[in-house]
Amino acid sequence: MRTHYPIEKIRNIGIVAHIDAGKTTTTERILYYTGKISRVGEVDEGTAVMDWMEQEKERGITITSAVTTCFWKECCINIIDTPGHVDFTVEVERTLRVLDGVVVIFCGVGGVEPQSETVWRQANRYRIPRITFINKLDRVGADFFKVVKEIKEKFDLIPLPLQLPIGEEENFRGLVDLVEMKAILWEGDGPDAKVFEKEIPDSLREEALRLHEELVTKVAEADDELLEKYLENGSLKPEEIKRGIRKMTLAHKAVPILGGSALKNKGVRLLLNAVVDYLPSPVDVPPVEGLNPLTEKKEKRIASVEEPFSALVFKVVTDLYAGKLTYFRVYSGKLKAGSYVYNSTKNRKERINRILEMHANIRREKGEIYAGEIGAAVGPKDIDTGDSLCEIERPIIFEKMKFAEPVIFMAVEPKSKTDEDKLVTCLSKFAQEDPTFKVSQDKETGQTIISGMGELHLDIILDRLQREFKVGVKTGKPQVAYKETIRKKAQARGRYIRQSGGRGQYGDVLLEVEPRKDEEEIFVSKIKGGVIPSEFIPAIKAGVKEAMETGVIRGYPVVNVKVTLLDGSYHPVDSSEIAFKIAASIAFKKAFREAEPYLLEPIMDVKVRVPQEFMGTVMEDITARRGKVYDLKMDEEISCLSAYVPLGELFGYTTSLRSLTKGKAISSIEFSHYEELPSQKLEEVKP
């Protein structure tokens, strides 16, 4: 039983891709070949280890990221398998925040699909080195070099094909290793298929030599020492080529490209070799940076057990058996089970009762966790996603993660009185788990409102409520999360004066509202000379905030508005915080109505891959939904359409598209931006 793995031998990687590209299938094969599991699970059969939730097994998709640890070539590989559906992009976002490297999987037929581009952009944001695996090369229509070309055209890293497929589609039977210049062939499609190393087939030798020369040239140009050897000898040794590939990958200059068929168990062991050879250990990436809350100066934590303990919480899960599980990445130092940590984000101490090594939903006790490792904790009650953990004597706060705002909501209520308390408790747990899921109360109707990233997102939440927690709920129809804003500047005075015989209430404020520019403060006070005592300013700010949250013209949250407190007056006896809070709300609503208010609607980025014969029908349907096509790529058989479409026009779109194209089209819907709602549509939006 291991206690501590050398940090330079650790690889923290994520498996990311578009939905149905083969992430979980690839992960299952990795776990089998590394000896983590003794039998390969299948996504379509609901037996995949990493897709352990009932909803994942039934739908054949990954919903929540799953963590596991395995070993290959004396390296410890911590893997996080992530969802591909855009409704669960939060899982990818918080996973990438704590990883050192990424394996991006592309479908050999579909190529660079919409969600592939999304996860690539997310990896760019965190500057994560990556390798790619072109999967499903055994499928009809698969084309390795067509996908390589797409990667080159769409992304800003130099593509480095390290392999050449032997055989196409159903005849795919092996790969030429362009580094070692040898052929790897498989006999059979099972997980225990025999693997042979042979000479490169004569039919591919010329092509392999050309690609090898291209690879060596690119690698040599990136390193002065290698360039000198290349110019001197006219070639490089395999270990020198690998060193150059690794250097380019870690410097974000290039991306190694491999291929195979995970379902047919081909190419996965070569992918594992590439993870070890080309992706970074924690010591290969820059030290993580944070803010010391005592000095308010930036500090760095080096990936070493000798440094003070520091970690970042990237996920919180409610486990029916273990209770609350807190997933965290240790950046420096070490932590023993049973000890205390300092939550510098919330300024409080927490006890870590137990430390767990996770294998999907299976837990193994650890006595201690070290720098560079990923684990889960049992015990802390008040730790949330994005919180920083450290030693109280050496505090540090890492940059918080940013998540997209929900774009869809619906009303829910318990089916029975006995479910009422359970519903509130369960929804609050889900909201703590998932930063893109929100729960609120409609102050006028008293209804509970849940908000999320899409219809599937809310469907899964409701399904979990009934299955895991046995809470029966009734739901309303999904609604669009509109926003309210203004066109121009306006001022208004708000007074709240009440006299009832004894002490009265008096508040008087003059507010100005105007369109807010990026980075501007939302609320600014220009009160001077004690016109309004300073102790009432927070109450005025709270009144404005509350009015912005509840909206003015249709009851939707107000955004992109700057509020300035210009003037007011107070009464030495009757003025109170509540009076100024109400007066501020009155003034804000008056000014807002005078500033030409309008509604913003969420616009979705819709991408559709459709056979040529249905393209006209799909385009007509998009146009009828007020969509604007911004990109169209026509191919002989399959065309790709990209359009911006209002969310309000997309409810039930997946079912409709399936009907229009006889089930032959594939769509991806992702939030893009907010845009003004046309005036003719305003009356359709119920307050």
Side-chain angles (χ1 to χ4, degrees), residues 15-18 20-23 25-26 29 102-113 116-117 120 130-155 157-186 189 193 195 197-198 200-216 218-219 241 245 249 254-275 277-278 609 633 635-638 640:
I15 311 287
V16 300
H18 185 89
D20 202 34
K23 294 179 305 302
T25 300
T26 303
R29 270 58 183 180
V102 165
V103 176
V104 185
I105 297 179
F106 296 104
C107 173
V109 181
V112 180
E113 296 172 283
S116 308
E117 295 184 61
W120 195 279
R130 67 214 75 165
I131 60 177
T132 65
F133 181 69
I134 300 175
N135 192 25
K136 303 186 179 183
L137 291 181
D138 59 314
R139 295 280 186 91
V140 174
D143 189 331
F144 181 83
F145 285 102
K146 181 183 176 183
V147 182
V148 171
K149 184 182 177 184
E150 284 188 44
I151 293 170
K152 183 178 181 179
E153 290 172 350
K154 295 200 174 187
F155 305 129
L157 298 179
I158 300 169
L160 297 177
L162 305 186
Q163 297 166 345
L164 170 65
I166 300 174
E168 297 178 345
E169 300 177 342
E170 68 271 16
N171 295 318
F172 172 65
R173 64 186 189 281
L175 294 159
V176 174
D177 183 335
L178 297 174
V179 176
E180 302 274 358
M181 288 302 284
K182 62 186 178 184
I184 294 106
L185 297 164
W186 286 270
D189 293 333
V195 184
E197 288 187 9
K198 294 190 174 183
I200 299 170
D202 292 339
S203 59
L204 293 174
R205 178 165 290 280
E206 187 177 333
E207 176 74 354
L209 286 169
R210 182 183 67 81
L211 292 169
H212 174 77
E213 186 63 26
E214 283 184 10
L215 174 64
V216 173
K218 288 175 183 175
V219 167
I241 299 172
I245 294 169
T249 304
V255 54
I257 301 176
L258 300 95
S261 169
L263 185 65
K264 298 292 179 65
N265 307 285
K266 295 175 180 177
V268 177
R269 280 175 280 207
L270 299 177
L271 175 63
L272 274 166
N273 291 343
V275 167
D277 290 338
Y278 307 126
R609 293 175 61 86
K633 291 183 180 174
D635 209 333
E636 290 182 9
E637 296 181 0
I638 302 294
C640 299

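- At distances below 3.5 Å, at least one donor-acceptor pair connects side-chain atoms of Asn135 with backbone N or O atoms of Ala262.
- With sequence neighbours left out, Val109 forms a side chain to side chain contact (heavy atoms under 4.5 Å, CB included) with Cys107, Arg139, Ala142.
- Within the model, atoms CG of Leu258 and CZ of Phe144 stand 7.0 Å from one another, a figure rounded to the nearest 0.5 Å.
- With sequence neighbours excluded, the residues forming a salt bridge (charged side-chain N to carboxylate O under 4.0 Å, His left out) with Arg205 are Glu199, listed by chain and number.
- Formation of a donor-acceptor pair under 3.5 Å by the Arg609 side chain with backbone atoms of Gly110 is found in this model.
- A donor-acceptor pair is defined here as one N or O able to donate and one able to accept, closer than 3.5 Å; such a pair exists between the side chain of Thr26 and the backbone of Gly22.
- Once rounded to the nearest 0.5 Å, the distance linking CG of Leu263 with CG of Leu137 reads 12.5 Å.
- The aromatic rings of Trp120 and Phe106 sit tilted relative to each other, their planes meeting at an angle between 30° and 60°.
- Here CG of Leu271 is found 9.5 Å from OG1 of Thr132. Values are rounded to the nearest 0.5 Å.
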Under 3.5 Å donor-acceptor pairs involving side-chain atoms of residues 158-170, not counting sequence neighbours:
| from | atom 1 | to | atom 2 | distance (Å) |
| --- | --- | --- | --- | --- |
| Gln163 | OE1 | Gly259 | N | 2.7 |
| Glu169 | OE2 | Gly141 | N | 2.7 |

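- Side-chain contact check for Val148 versus Ile134: some heavy-atom pair is nearer than 4.5 Å.
- Closest non-hydrogen pair, Gly111 versus Ser116, comes out as O-OG, 4.4 Å.
- Considering all non-hydrogen atoms of both residues, Ala17 and Ala21 come closest at CB-CB, 3.8 Å.
- The salt bridge (charged side-chain N to carboxylate O under 4.0 Å, His left out) analysis of residues 259-269, with sequence neighbours excluded, yields the pairs Asp138-Lys264, Asp189-Lys266.
- Annotation: side chain to side chain contact (heavy atoms under 4.5 Å, CB included) contacts of Asp177 (sequence neighbours excluded): Val179, Glu180, Lys182, Ile184.
- Taking CD1 of Ile151 as the start and CD1 of Ile257 as the end, the distance is 4.0 Å to the nearest 0.5 Å.
- Across all their heavy atoms, Arg29 and Asn265 have their closest contact at NE-OD1, 3.0 Å.
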(request) List the steps and the verdict of side-chain contact (heavy atoms from CB on, under 4.5 Å) for Trp186 and Leu175. (result) CA-CA 9 Å; Trp186 286 270; Leu175 294 159; 3.7 Å; yes
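- The salt bridge (charged side-chain N to carboxylate O under 4.0 Å, His left out) contacts involving residues 140-153 comprise Lys146-Asp635, where partners must be two or more places apart or lie in separate chains.
- Going from atom CD of Glu113 over to atom CD1 of Ile105 covers 12.0 Å, rounded to the nearest 0.5 Å.
- Proximity of Leu157 to Arg130: side-chain heavy atoms (C-beta onward) are separated by under 4.5 Å at one or more points.
- To the nearest 0.5 angstrom, Leu178 atom CG is 9.5 Å from Ile241 atom CD1.
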(message) Evaluate Arg210 against Glu213 for salt bridge (Lys or Arg N to Asp or Glu O under 4.0 Å), listing each step before the verdict.
(response) CA-CA 5 Å; Arg210 182 183 67 81; Glu213 186 63 26; over 6 Å; no
